[in-house]
Number of protein chains: 2
Amino acid sequence: MQRKIRNMEEFAAISGISRPTVSKYFNDPESVRVSTRKKIEAALEEYDYHPNVFAMNQNRRTTKNIGVVVPNLADPFFSEIGRRVELACIKAGYSPILLSSHGNPDMERDNLNSLKSLKPAGVLLAPFGRLSDKDAVKAFDADIPVVLFDANMHDVGRAFVGTDHFQSVDLMVEYLCRSGEPPCFFEMKNPLNPNANKHRQAYIESMERHGQTPNIYQVSGNGWDFEEIGKAEGDRLLSEGAFKTNTILCSNDRFAIGLLSAAYGLGFNVGHGPECNLRIAGHDDHPFSRFTCPPLTTIAQDYEAIANRSVSTLFALFEKRESPPERQETLFEGRLIMRESA
Amino acid sequence: MQRKIRNMEEFAAISGISRPTVSKYFNDPESVRVSTRKKIEAALEEYDYHPNVFAMNQNRRTTKNIGVVVPNLADPFFSEIGRRVELACIKAGYSPILLSSHGNPDMERDNLNSLKSLKPAGVLLAPFGRLSDKDAVKAFDADIPVVLFDANMHDVGRAFVGTDHFQSVDLMVEYLCRSGEPPCFFEMKNPLNPNANKHRQAYIESMERHGQTPNIYQVSGNGWDFEEIGKAEGDRLLSEGAFKTNTILCSNDRFAIGLLSAAYGLGFNVGHGPECNLRIAGHDDHPFSRFTCPPLTTIAQDYEAIANRSVSTLFALFEKRESPPERQETLFEGRLIMRESA
DNA sequence: ACCTTAACTTTACGCGCGTAAATTTATAAT
DNA sequence: ATTATAAATTTACGCGCGTAAAGTTAAGGT
C-alpha cells in the first residue's frame with residue numbers, strides 16, 4: 001500500500017491502462033484481455049483502490065445488488081434459508097442485501113420500495129403469501145425480476161422455488177398411518193406463516209387418499225409466537241382430552257415444539273415406543289427439532305437446494321440473453337426425518 | 001401520481017422551490033422554513049419522487065446508513081438483538097444494514113470492508129471478541145464511529161453496551177447455591193461465542209465468593225453447533241457419571257438445550273422438585289428456553305435496553321457536536337428467570 | 001419605519017463514474 | 001505478410017446530486 005488512490009482516473013494512470021478499460025474490468029473482469037487483466041490485478045495488489053459504489057451505480061440501469069426479502073428473520077427457518085441464499089449470491093459475485101419484514105406484511109412493501117432505489121439486478125422474495133400485497137409485488141416485478149421462494153403466489157414473479165408440500169405432508173401422513181394410527185392435524189386458525197394453508201389442504205387430501213377422515217383442530221392466537229400459542233392451546237386441548245387421536249401432526253415444527261412442551265408438562269409420554277401414549281410430528285426440520293424432548297419427527301425441506309436453485313434461476317434471468325420462457329415452478333421433495341416423537 | 005419525475009431539478013420546478021433548498025430538505029426536513037416544507041410535502045404527496053440514493057451519497061462525506069454487524073444471524077440470540085437494533089435505527093430515520101458474519105471471524109473483516117464503501121454514519125458491531133481482528137476494527141473506527149455491543153473488546157470502539165455478566169452469573173450461582181447445591185460449570189473448551197470466557201471467569205469468582213470450589217467441565221467441539229456438542233458431550237459425561245454435582249450451570253442456553261436433550265434421553269428427571277435428580281441452568285434466555293422440557297432456568301439479558309442504548313449512544317456521537325468524552329461502557333443487569341429446570 | 005438574521009434563490013462547479021463513437025493497436029488466422 | 005477481428009484507447013458527454021458563494025427575500029423585533 002503505497003499511497004491512497006483517489007479515483008479510477010488515478011488508478012488507471014498507475015496501472016497503465018485507460019480509465020474506460022479499467023471501468024470495463026470492474027464491471028466484468030472477463031471482458032478484458034488477459035494481459036490487461038493481469039496488469040490491473042497487479043496494480044490492485046499494490047495499491048488500495050475500490051471503485052466508489054455510489055458513483056458506479058448512479059449511471060447503471062442495474063447493479064450487482066441482489067435483494068433478498070424474508071418474512072421474519074427471527075424465525076430460524078428463514079434465518080437459515082436466508083443465510084444460504086446470501087452465501088450463494090456472494091459466491092456468484094453479487095452483493096446480497098438481506099431484509100426481514102419482521103413478521104409484518106406492510107413492511108414487505110416497504111422493503112421492496114427501499115430495494116427499488118438500490119436498483120438491484122433481481123430480487124429473491126419469500127413472500128407472506130396471501131398476506132402479501134400481490135399488486136405491489138407484481139408491479140415491482142415489472143421493473144426488476146423477482147423470483148419467489150418458499151411460498152408461492154399464483155402468477156406472481158418470474159419463477160417459484162420451494163418444497164412440494166403435498167408430497168411432503170403425504171409422506172408424513174403415510175408414515176404415521178402405516179406405523180400407528182392416522183393423525184389429527186393441529187394448527188392455528190389464522191396462521192401467519194405462508195405455507196400453513198397448503199399443509200392443511202395437503203393433510204386433508206392425503207388422509208382421504210388413505211381412506212381416513214381428516215380431523216383438524218384449529219386454535220386461535222395472533223402473531224408469530226407459534227411456540228407460545230402451541231403450548232398454551234396444546235395444554236388446554238390436551239388436558240381437556242380434546243384430541244380424538246393420540247397422534248398429532250402439527251402445522252409446523254415451532255408449533256410442535258410448543259405442543260411438546262405442553263405434553264411434557266402434563267406428564268404425557270411422547271414417542272412411538274410401546275410405553276408411549278402420544279405421538280407428535282411437525283414439519284420443516286427446525287434447527288432445534290433434533291433437541292426437543294423427545295427429538296421431533298418431522299419433514300426436512302431441502303434448504304440448500306431451494307436456496308441454490310432460487311439464486312441460479314434468478315441469475316439465469318438476467319445473465320443470459322435468452323427470452324425468459326414461461327413462469328416455471330420448481331418443487332423439491334421433502335424428506336421424512338424419523339426421530340423419537342412419532 | 002401524475003407523471004414520473006426524473007430528477008430533483010424537475011421536482012423542484014414543480015414544487016416551486018429551488019433545487020438546493022429541496023436538497024436541503026431531503027437531508028434534513030427540519031432545516032427549511034415551515035412554509036417551504038409544506039410546499040415540498042404537498043408536492044411529494046402528488047408526485048412520486050425519490051431522490052437517487054446513489055447520486056445523493058456520492059458527494060456526501062457520510063450517509064444516513066448505519067451498519068449493523070453480528071457474528072451469526074443463525075443464532076436466535078443475534079437475530080433477536082439484531083432485529084431490535086434494526087427497528088431502533090429505522091425509528092430514528094436511518095437506514096440500517098444488517099450483516100451477519102456467518103460464524104466466521106474473517107467475514108467480520110469483510111463485512112466491515114464492504115460497509116466502508118457504503119460510507120455509513122456509524123456502525124454497531126457485536127464482535128466475536130478475542131477472535132475479532134482487533135486492529136481492523138480499530139482502524140475502521142478511526143474513519144467511522146463504532147459502538148460495540150454484546151461483547152466488549154478492550155479499548156476498541158467509541159463505547160460498549162452489554163450485559164454485566166459478572167452480576168448475572170453471580171445471580172444464578174447465588175440462586176443455585178441458596179436453593180440447593182453449588183453448581184458445576186459446563187462449557188466448550190474453545191468456545192466461539194464471545195462472552196463464554198466471561199461466563200467462566202464470573203462463575204469462578206462467584207463460587208469463591210460463596211466459599212465454594214469451582215468445578216468446570218470443558219468439552220471439545222468446533223463450530224457453532226452448540227446444541228449438538230452439548231448433547232453429544234453431555235450424553236457422554238452424564239452416562240459416565242462424570243459430573244461431581246447434580247447441578248449444572250451451562251455456559252449458555254444453546255449448550256443447555258443440548259444437555260437437556262441428553263438428560264432426557266438418558267431418563268434423568270431434570271428440575272428442582274423433590275423427585276428430581278438433576279438441575280440444569282443456562283444463560284441468555286434463548287427464545288426457545290421457555291419451551292424446553294422442562295423449561296429452562298436462565299438469565300435474561302435486556303435485549304431491548306441493549307439495542308436502544310447502543311443506537312442512542314452511536315447517534316449521540318454524530319448528531320451532537322459535542323466532543324466525544326472518553327470511551328464509556330454501559331452494562332445492564334441480567335434478570336434471573338426461574339423456570340423448572342433448576 | 002428600520003434593522004438583524006435566518007432562510008431562500010441563483011449561479012456555478014465538481015464528484016466519480018458509465019458509456020457511446022471514433023480511432024488505434026494487438027491478436028490470430030489465412 | 002496480409003487481413004479480419006477483437007480489444008484497447010482517446011475523446012467527449014452526461015448522470016443526479018452536493019455544496020459553496022453571492023445576492024435576495026422574508027420574518028420578527030424595536
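Convention: sequence-line order gives letters A, B, ...; per-chain numbering from 1. All values below were derived from every heavy atom in this structure, side-chain atoms included, with hydrogens, water molecules and symmetry-related copies excluded.
- Separating the CD atom of B/E9 from the P atom of C/dT11 is a distance of 11 Å, rounded to the nearest angstrom.
- Other residues, nucleotides and ligands contribute over 12 non-hydrogen atoms within 6.0 Å of the CD atom of B/E41.
- A/Y49 comes within contact range of the sugar-phosphate backbone alone, with a heavy-atom separation under 4.0 Å but no base atom that close.
- Counted within 6.0 Å of CZ on A/R130, heavy atoms from surrounding residues, nucleotides or ligands total more than 12; the atom is thus considered enclosed.
- Mapping A/N59 and B/S18 onto DNA chain C by nearest heavy atom places B/S18 closer to the 5' end of the strand.
- Across all strands shown, A/P20 has heavy atoms under 4.0 Å from base atoms, whether or not it also approaches the sugar-phosphate.
- Between the side chains of A/Q58 and B/N52, not a single donor N or O lies within less than 3.5 Å of an accepting N or O.
- Ring pair A/F26/A/F11 is tilted by interplanar angle, where 30° to 60° counts as tilted.
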When the side chains of residues 91-99 of chain A are checked against the rest of the protein, which donor-acceptor pairs come out under 3.5 Å, sequence neighbours left out?
from	atom 1	to	atom 2	distance (Å)
A/Y94	OH	A/E319	OE2	3.0

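- Residue A/N7 is the one, among A/R33 and A/N7, whose nearest nucleotide of DNA chain C lies closer to the 5' end (criterion: closest heavy atom).
- No engagement by B/S35 is indicated, since no non-hydrogen atom pair under 4.0 Å with the nucleic acid exists.
- Applying salt bridge (charged side-chain N to carboxylate O under 4.0 Å, His left out) to A/D141 and the options A/R158, A/K116, A/K134, A/R327 leaves one that passes, A/R158.
- Taking 4.0 Å as the cutoff to heavy atoms of chain B, we find the contact window on DNA chain D bounded by D/dG16 to D/dA26.
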